[in-house]
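Structure, as structure tokens:
In each ligand, atom 1 is the first atom listed, and ligand 1 is the first ligand listed. Residue numbers run from 1 in the order of the sequence given.
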Amino acid sequence: MKLHLDAQPFGYEFDVAKTALVIIDMQRDFVEPGGFGASLGNDVRPLQAIVPALQNLLHAWRQVGGFVVHTREGHRPDLSDCPPAKVNRGSPALRIGDEGPMGRVLIWGAAGHAIIPELAPASGELVVDKPGKGAFYGTYLNEALQVRGITHLLITGVTTEVCVQTTMREANDRGYECLLIEDATESYFPAFKQAVLDMVRAQGAIVGWTARSEQVIGALNLSTEEGARA
Ligand code: C5J
């Protein structure tokens, strides 16, 4: 069944069976104090504030049997998949691979690399480990979506202008119709988030659409009610 949202800059239509909910990098290293994000001098509280909206959206999406993709940014323990340019960039208190309060920063298997417990992946959901900012670079995500016939992506997570925006642009170039969920994505910099929302939907949805989580949940609830009446 096709669902319709009054998205920006104009209506967005999607079919749950051909759509994936993509949750980008809701990892302890970005969202919790003591992680990589905090070590770069960021206040992580704005990122924590989107968790309830994401939980509600995830719950509603699971209820209708929608496909879920979680991503994690991180690297192999020997850093063989992490270019020195990435390790050396900026002047963080902790670099990628350093031992921090939540284990080695952004390293597979470290406590900080894990997805926050509130959004823990459920069985049957895809978890994609990505070495870059975009979820398509160096991963099998495209193939995993293609075999499932996915054409539309509902994109959420952190941070809006880094991994979320990069992933959305990569997806757009691969032909996916992408909707960015406004209240289920966040940046350490409010102005950057707003800029991404504006850029994505400018020029007739040049990268995609935006809408709020309650609009998606409302459309899903309506479809369930209509399904029950039919
Ligand atoms: C960053 C991300 N900001 N997930 N990663 O380094 O946005």
Side-chain angles (χ1 to χ4, degrees), residues 21-51 53-54 58 68-76 79 81-98 100 102-108 110-116 118-121 126-139 141 153-172 178 180-197 199-200 207-208 210:
L21 173 64
V22 182
I23 306 177
I24 310 271
D25 299 358
M26 288 299 291
Q27 294 163 259
R28 298 185 64 196
D29 257 331
F30 294 112
V31 177
E32 294 187 8
F36 184 55
S39 83
L40 290 161
N42 297 305
D43 177 2
V44 295
R45 285 172 299 183
L47 275 57
Q48 291 170 348
I50 66 167
V51 173
L54 249 171
L58 180 57
V68 182
V69 178
H70 303 259
T71 72
R72 296 186 295 206
E73 180 175 354
H75 299 281
R76 297 170 189 275
L79 293 179
D81 58 353
C82 187
K86 185 173 179 186
V87 180
N88 295 330
R89 196 72 56 82
S91 51
L94 290 171
R95 291 190 187 279
I96 295 170
D98 286 353
M102 290 191 280
R104 290 184 69 200
V105 172
L106 286 188
I107 297 296
W108 294 357
H113 180 254
I115 291 170
I116 58 171
E118 298 92 318
L119 298 170
L126 186 69
V127 179
V128 175
D129 281 310
K130 61 187 187 60
K133 303 304 182 194
F136 290 84
Y137 170 72
T139 73
L141 176 59
L153 303 178
L154 309 184
I155 300 189
T156 66
V158 300
T159 61
T160 314
E161 79 283 11
V162 186
C163 292
V164 171
Q165 174 169 223
T166 305
T167 298
M168 193 160 175
R169 288 177 183 274
E170 286 181 333
N172 189 51
C178 300
L180 178 58
I181 311 298
E182 297 164 15
D183 54 323
T185 182
E186 196 49 86
S187 169
Y188 301 119
F189 306 93
F192 290 174
K193 173 177 175 176
Q194 189 56 49
V196 172
L197 297 179
M199 279 189 272
V200 156
V207 181
T210 78

Legend entry - Inter-residue atom distance Ile155.CD1 - Cys163.SG, 0.5 Å rounding: 12.0 Å
Legend entry - Every residue of the protein that comes under 4.0 Å of ligand 1, judged on heavy atoms: Asp25, Phe30, Glu73, Lys133, Val158, Thr159, Val162, Cys163
Legend entry - All side-chain hydrogen bond (donor to acceptor under 3.5 Å, both in side chains) counterparts of Lys86, not counting sequence neighbours: Glu73, His75
Legend entry - Among Asp183, Ile181, Val158, Thr156, side chain to side chain contact (heavy atoms under 4.5 Å, CB included) partner for Ile50: Val158
Legend entry - The single option from Leu40, Asn42, Thr160 passing side chain to side chain contact (heavy atoms under 4.5 Å, CB included) against Tyr188: Asn42
Inset, instruction - State, with a plain yes or no, whether a side-chain heavy atom of Asp25 is found less than 4.5 Å away from one of Val164. - result: no
Inset, instruction - Mind listing the closest non-hydrogen atom pair of Ala135 and Thr71 along with its distance? - result: CB-CG2, 3.9 Å
